[in-house]
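Order of appearance sets the numbers: ligands from 1, and atoms from 1 within every ligand.
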Amino acid sequence: MEIVENLIKISKIIPKNVLLVAVSKTKPIDSIESAYVYGQRDFGENKVQEMAEKYNSLPKDINWHMIGHLQRNKVKYIAPFVHLIHSVDSYRLLLEINKQGIKNKRIINVLVQIDISDDNTKFGFTYTEFNELIKLNKLKDLKNIKLKGMMGMASYSSNLSIIEQEFNELSNYFTEHKFNLKLDILSMGMSGDYKIAIKCNSNMIRLGSTIFGTRIK
Ligand SMILES: *Cc1c(COP(=O)(O)O)cnc(C)c1O
């Protein structure tokens, strides 16, 4: 099975402290099952409905990671089970996740997405916006949220030094804040740039096509 071969290959490349999130968006249940049987437990999806459907049909010890842009009115569909939301990009979204955490009697783990790229297509807080959030201590009342770390996506570029620079900048920013905010996750790196991300101290990578093959959409 090709998926398992790919997982074995990747496990030989990545350091032990780096968690692999297998990005299964658009891929069928049986592809996820193959990875699951091999031992993969962390899967990433970018659409709420697709994630909820897969959650319902697959074993309950899977850790589901929301990695795509999340609308506030859809948080309720994943709040009962989501393991980690990587893509928190506004204070209003944090408030909604906290509210759904209270409803579901859960503390929901989140990462803040920082907009580190030049592409206008990417979401996230700017460094300035997140600085402001911390300065105003706006997280302290959100008792049903646990801020675990930061996520970033580099520019879509063939210039590796630009990607490295963006990852390094986020890595330094993460290091600046990890002790006061008690953070431990730095989620950076996709199929095209995960090796660079790991060099820049990423400890969570999100790989789709490297594991499951290219996506059609
Ligand atoms: C799709 C996606 C990935 C995985 O992309 P690949 O290039 O297939 O590895 C990682 N992170 C996010 C946020 C994504 O949307």
What pairs of residues pass the side-chain hydrogen bond (donor to acceptor under 3.5 Å, both in side chains) test when at least one of them lies in residues 7-23, not counting sequence neighbours? none
Considering residues, nucleotides and ligands other than Tyr156, do more than 12 of their heavy atoms fall under 6.0 Å from its OH? no
Near ligand 1, which residues have a heavy atom under 4.0 Å away from one of its atoms? Val23, Lys25, Ile67, Met153, Met190, Ser191, Arg206, Leu207, Gly208, Ser209, Arg215
Answer with yes or no whether the side chains of Arg215 and Ser209 bring together a donor and an acceptor at under 3.5 Å. no
May I ask you to check if Lys199 and Phe167 form a cation-pi contact, with NZ or CZ under 6.0 angstrom from the six-membered ring centre and within 45° of the axis? no
Is the charged tip of Lys60 near the ring of Tyr55: under 6.0 Å from the six-membered ring centre and within 45° of its axis? yes
Distance-only polar pair, side chains of Asn159 and Ser161, donor-acceptor under 3.5 Å: yes
